[in-house]
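See below for the structure under consideration.
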Amino acid sequence: MRTHYCGELTAQHIDETVTLFGWVDRRRDHGGVVFIDLRDRMGVVQIVSDPERTPESYPQADKLRNEYVAKITGRVSGREGGAVNPRLKTGDIEIYADSIELLNTVNKQLPFQVSSADAEENVREELRLKYRYLDLRRSRMAQNLQTRHSVVKAVRRFLEDQEGFMEIETPILNKSTPEGARDFIVPSRVNLGEWFALPQSPQLFKQLLMVSGCDRYYQVARCFRDEDLRADRQPEFTQLDMEMSFMSEEEILDLNEALISHVFKEVKGIDLPRPFPRITYKDSMERYGCDRPDTRYGLELVNVSDVLADCGFKVFSGTIKGGGIVKILPIPGGNDVISNVRIKPGGDIFREAAEAGAKGLAYIRVREGGEMDTIGAIQKGLTDEMKAEILKRTDAQPGTLLLFGAADEGTVNKSLDRVRQFVAKEMKLYEEDQLNFLWVTEFPMFEWNEDEKRLEALHHPFTAPNPEDIDDLKTARAVAYDMVLNGTELGGGSLRIYKRDVQEKVFAAIGLSDEEAQEKFGFLLNAFEYGTPPHGGIAFGLDRIVMLMTGSESIRDTIAFPKTQQARCLLTDAPSNVDDAQLEELEVKSTYVPKSEEDEE
RNA sequence: GGGCCUGUAGUUCAAUUGGUUAGAGCACCGCCCUGUCACGGCGGAAGUUGCGGGUUCGAAUCCCGUCAGGCCCGCCA
């Protein structure tokens with residue numbers, strides 16, 4: 001039996017006889033003495049074998065190669081003087097191998113090097129995913145899985161042991177819901193011609209659990225969305241899903257700050273300052289142009305529409321008269337860092353703005369004494385009063401570069417937000433290890449969907465409207481909140497509607513007829529008739545949290561077996577064809593025609 | 001659906017910008033070496049340059065198509 005993990009041995013174990021199981025991370029053969037770095041999921045320890053001190057094990061030690069699997073029994077021995085390896089956690093000790101049992105060999109050339117000594121080498125992700133079992137042996141990925149586990153463990157300890165939450169599983173086979181992302185659908189053999197959908201979130205079930213009196217529910221919940229993939233989006237992902245009854249918004253935010261603080265303390269040893277700062281959605285859009293601002297740096301946007309409404313520069317005044325706005329992104333020190341070439345068409349900063357829909361980027365360079373250096377048309381079009389007001393509002397100092405966005409509000413916000421993030425990254429305005437948490441609150445209930453010419457729930461249609469705004473639902477604020485870390489949304493939630501009449505009004509606002517509402521959500525409306533408690537909740541993206549905590553660039557590096565951007569599993573080659581017999585039994589037939597055959601017809 | 005990037009030995013990268021036999025580190029195989037820890041030394045094997053077509057006296061390099069992977073837009077309540 002194994003007595004210890006390789007990576008956990010220390011000087012405390014000196015003179016103990018231990019039995020280890022692991023993989024050969026590296027082998028150094030000196031012709032008489034052989035050193036083997038044996039690795040398991042806890043780390044690496046050095047094994048020593050030579051013909052004089054360990055004659056029994058030496059012939060076996062000679063046969064070991066990279067990634068062979070071995071059982072090793074031996075005595076823990078302290079290292080002395082220069083033999084100590086301070087770079088290794090187990091570097092104070094080594095094991096003299098009394099016996100080495102070779103349990104399995106590697107029979108093919110390894111597709112890439114697994115050893116932690118080669119960790120800095122960037123192996124193609126395609127290969128890593130095909131041989132994921134080898135990739136997960138590598139130290140970085142093994143640590144990511146460990147961190148993920150530690151986060152979940154900390155969440156469970158906090159919610160269950162300190163706060164009385166209960167984990168309850170909700171169904172994977174569900175009724176398909178309209179609104180939101182595309183569903184993955186599953187045919188029912190028992191009910192031919194009918195379909196299940198995989199859950200996009202356990203939203204309705206967790207609300208029904210509140211009706212059931214479960215009071216404080218959580219779940220480590222797998223969710224499915226059949227949409228295109230990104231670095232931070234997989235078709236199946238994991239949410240830390242919570243719902244609680246009889247709690248105010250304030251109490252829910254406080255509990256969740258405590259939860260996240262607990263996780264960072266347990267997993268990273270970091271004490272987060274509390275309470276987390278808050279900003280309303282409205283303020284966030286005004287000051288940052290987005291609803292999940294990165295607050296590690298300033299660069300706040302300044303609205304100058306009222307100042308420039310009547311200015312002589314037609315691009316500004318015309319835009320404002322046409323219902324648009326003009327905002328400034330002031331960049332202190334930007335004059336020295338950002339050349340005109342980069343702001344004009346063809347430049348990298350222009351491109352950032354243009355990709356968000358901006359047609360151009362007007363600019364003013366603030367010089368000594370508040371002199372403004374800019375193109376003639378702006379110079380002439382602005383009065384001295386306007387210039388003074390701009391300097392005042394932007395608090396611009398000599399050296400500050402003012403970038404202007406002039407368009408409809410959405411385009412201005414989107415483009416200046418992009419430029420703001422781009423510039424901050426390039427000017428290194430923040431430290432990589434900074435952690436700026438933020439609550440964004442008071443999201444609007446709805447936004448206008450131009451394509452479908454109707455209101456759409458911004459969060460989801462079960463979100464409670466702010467009681468102050470109940471008279472005009474269409475423009476109402478919701479009691480909804482997002483937790484943001486360094487510009488990434490970690491999670492979001494809301495108080496929920498728990499009265500039938502309010503829920504019906506919200507369905508009506510998004511254009512659901514009574515019949516549709518009844519067909520899709522009748523069970524929920526019905527439940528509201530039987531004593532539903534006031535309740536609310538939140539859901540965190542576990543993959544994203546782990547991504548940020550491990551410094552990963554993609555959530556794929558936090559998931560054991562992720563899909564590629566084409567939504568394929570390179571390891572198992574899913575998805576794949578199924579037998580005709582399987583389809584016949586389900587009375588399902590594919591109408592898909594491969595592209596090549598289409599052309600032939 | 002769209003834009004951009006990548007694909008060369010098992011692997012990570014080169015290849016003087018279209019010019020001789022496509023090179024190097026690590027891995028692999030063999031020999032040597034008793035204190036290394038990215039051990040060292042000597043030698044060896046290893047390539048349909050993703051695939052298909054084209055331009056050219058000549059293509060890893062240029063063009064077209066295609067496949068795979070990645071980043072982004074759309075999409076993701």
Side-chain angles (χ1 to χ4, degrees), chain A residues 25-38 44-54 58 61 65-67 77 79-88 90-91 94 106-131 134 177-183 200-201 203 223-235 237 351-352 354-357 414 418 443 445-447 449 451-452 455-463 478 480 489 492 494 506 510 539 541 553-554 556 563-566 568 570 595-596 599:
Chain A
D25 191 72
R26 235 176 169 87
R27 172 173 162 275
R28 292 176 293 280
D29 182 354
H30 286 254
V33 61
V34 174
F35 299 100
I36 292 147
D37 291 338
L38 194 70
V44 166
V45 70
Q46 175 163 285
I47 313 291
V48 190
S49 182
D50 69 51
E52 284 163 25
R53 288 173 292 193
T54 59
Y58 184 70
R65 295 292 182 275
N66 282 349
E67 298 310 311
S77 173
R79 300 204 208 177
E80 284 174 17
V84 171
N85 183 355
R87 289 195 294 163
L88 201 62
T90 59
E94 58 194 356
V106 172
N107 306 315
K108 291 181 170 180
Q109 172 110 319
L110 290 164
F112 48 81
Q113 280 153 244
V114 176
S115 167
S116 36
D118 299 298
E120 71 280 3
E121 202 164 76
N122 284 321
V123 180
R124 282 226 316 281
E125 195 168 2
E126 202 176 337
L127 261 190
R128 290 173 50 208
L129 291 175
K130 183 169 178 189
Y131 298 94
L134 290 179
T177 52
E179 293 271 323
R182 290 186 188 90
D183 286 324
Q200 297 183 23
S201 95
Q203 182 61 35
C223 304
F224 305 86
R225 291 177 191 176
D226 188 10
E227 295 293 344
D228 287 355
L229 290 80
R230 289 282 193 285
D232 61 353
R233 273 165 31 191
Q234 284 273 305
F237 59 99
R351 191 176 58 239
E352 287 298 318
E355 280 178 13
K414 224 171 145 186
R418 253 182 103 132
F443 280 80
M445 285 289 287
F446 308 108
E447 64 184 348
N449 183 325
D451 292 338
E452 297 177 25
L455 285 180
E456 226 172 36
L458 191 75
H459 200 76
H460 55 58
F462 317 108
T463 303
E489 181 194 329
S494 61
V506 168
I510 59 172
E553 307 237 307
S554 156
R556 291 187 300 275
K563 307 284 189 288
T564 68
Q565 196 164 47
Q566 291 306 309
R568 302 199 67 90
L570 296 183
K595 227 177 181 178
S596 53
D599 296 341

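Sequence lines set the chain letters: A, B, ... in the order given, protein chains first and strands last, and positions in each chain run from 1.
Distances shorter than 4.0 Å separate none of the side-chain N or O atoms of A:Asn85 from OP1 or OP2 on B:rU36. The side chain of A:Lys108 places no N or O atom within less than 4.0 Å of a non-bridging phosphate oxygen (OP1 or OP2) of B:rA27.
Among residues two or more places apart in sequence or in another chain, the ring pair (Phe, Tyr, Trp, His ring centres under 6.0 Å) test is passed with A:Phe446 by none.
Side-chain N or O atoms of A:Glu94 include none that pairs as donor or acceptor with a backbone N or O of A:Ser77 at under 3.5 Å.
Heavy-atom nearest nucleotides on RNA chain B were determined for A:Gln113 and for A:Val33, and the one closer to the 5' end corresponds to A:Gln113. Each of A:Gln566 and A:Arg225 has a nearest nucleotide on RNA chain B; the 5'-most of these lies closest to A:Gln566.
Minimum interatomic distance between A:Asn85 and A:Arg79 (heavy atoms only, all atoms of both residues): CB-NH1, 3.7 Å. In terms of heavy atoms, A:Glu355 sits closest to A:Arg418 at OE1-NH2, 2.7 Å. The two residues A:Ser554 and A:Ala231 come nearest to each other via the heavy atoms OG-O, 3.2 Å. Taking all atoms of both residues into account, the shortest heavy-atom contact from A:Val44 to A:Thr90 is O-OG1, 2.7 Å. Here the closest non-hydrogen pair linking A:Gln200 and A:Phe237 is O-CZ, 4.3 Å.
Rounded to whole Å, the C1' atom of B:rU61 lies 38 Å from the corresponding atom of B:rC75. Nucleotides B:rU16 and B:rA22 place their C1' atoms 14 Å apart, quoted to the nearest Å. Nucleotides B:rA59 and B:rA15 have their C1' atoms positioned 13 Å apart, rounded to a whole Å. With P as the reference atom, B:rC51 and B:rA60 are 11 Å apart, rounded to whole Å. On the P atoms, B:rA9 is 13 Å away from B:rA14, given to the nearest whole Å. Across the C1' atoms, B:rG65 and B:rU55 are found 15 Å apart, a figure rounded to whole Å. When the P atom is used for both B:rG19 and B:rG44, the distance is 29 Å, rounded to whole Å. Look at the C1' atom in both B:rC31 and B:rA24: the space between them is 23 Å, to the nearest Å.
At a threshold of 4.0 angstrom between heavy atoms, the contacts of A:Leu570 are confined to the sugar-phosphate backbone, with no base atom among them. Contact annotation for A:Leu129: no contact, since no heavy-atom pair falls under 4.0 Å across all strands. Contact annotation for A:Ala181: backbone-only contact, meaning every heavy-atom pair under 4.0 Å involves sugar-phosphate atoms and none involves a base. Nucleic acid contact class of A:Lys414 (heavy atoms, under 4.0 Å, all strands): sugar-phosphate only. Within the nucleic acid shown, A:Gly91 has no heavy atom closer than 4.0 Å to any nucleic acid atom.
Partner assigned to B:rC13 is B:rG23, using Watson-Crick or G-U wobble distances below 3.5 angstrom. Across every strand in view, B:rG65 sits in a pair with B:rC51 that passes the Watson-Crick or G-U test at under 3.5 angstrom. Here B:rG58 sits opposite no nucleotide as a Watson-Crick or G-U wobble pair (both hydrogen-bonding atom distances under 3.5 Å). Across all strands shown, B:rG40 forms a Watson-Crick or G-U wobble pair with B:rC32, both key distances being under 3.5 Å.
Both thresholds, 5.5 Å between centres and 30° between ring planes, are not jointly met by A:Phe112 relative to the base of B:rU11, so the two rings are not stacked.
Note: A:Glu67 CD to A:Arg27 CZ = 14.0 Å, rounded to the nearest 0.5 Å.
Base orientation at B:rU17 is syn, since its O4'-C1' glycosidic dihedral falls within 90° of 0.
What separates CZ of A:Arg230 from C1' of B:rG69 is a distance of 16 Å, to the nearest Å. Going from atom CD of A:Glu67 over to atom P of B:rA27 covers 13 Å, rounded to whole Å. Between A:Arg65 atom CZ and B:rG30 atom C1' the separation is 11 Å, expressed in whole Å. Going from atom CD of A:Gln109 over to atom P of B:rA9 covers 12 Å, rounded to whole Å. Between the CD atom of A:Glu227 and the P atom of B:rG74 there is a distance of 13 Å, given to the nearest Å. Rounded to an integer number of Å, the gap from A:Leu88 CG to B:rU36 C1' is 12 Å. In this entry the distance linking CD of A:Glu80 with P of B:rC37 reads 19 Å, nearest Å. Atom CG in A:Leu127 sits roughly 9 Å away from atom C1' in B:rG10 (whole-Å rounding).
Remark: the A:Asp50 side chain and the B:rG35 base include no donor-acceptor N/O pair separated by less than 3.5 Å. One N or O donor and one acceptor, one from the side chain of A:Arg79 and one from the base of B:rC37, sit under 3.5 Å apart. Taking 3.5 Å as the limit, the base of B:rC75 and the side chain of A:Arg233 contain a donor-acceptor pair of atoms between them. For A:Glu94 against B:rG35, a side-chain-to-base donor-acceptor contact under 3.5 Å is present. The base of B:rG35 sits within donor-acceptor range of the side chain of A:Arg53, with an N or O pair under 3.5 Å.
For A:Glu52, the side-chain atoms get nearest to B:rU34 when compared with the rest of B:rA68, B:rG35, B:rU34.
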A:Arg124/A:Glu126 under salt bridge (Lys or Arg N to Asp or Glu O under 4.0 Å): CA gap, chis, key distance, verdict: CA-CA 5 Å; A:Arg124 282 226 316 281; A:Glu126 202 176 337; 3.7 Å; yes

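Counting non-hydrogen atoms of neighbouring residues, nucleotides and ligands closer than 6.0 angstrom, the NZ atom of A:Lys130 reaches no more than 12 such neighbours.
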Each nucleotide of nucleotides 39-52 of chain B classed B (base within 4.0 Å of a protein heavy atom), S (only sugar-phosphate) or -, in 5' to 3' order, makes B-------------

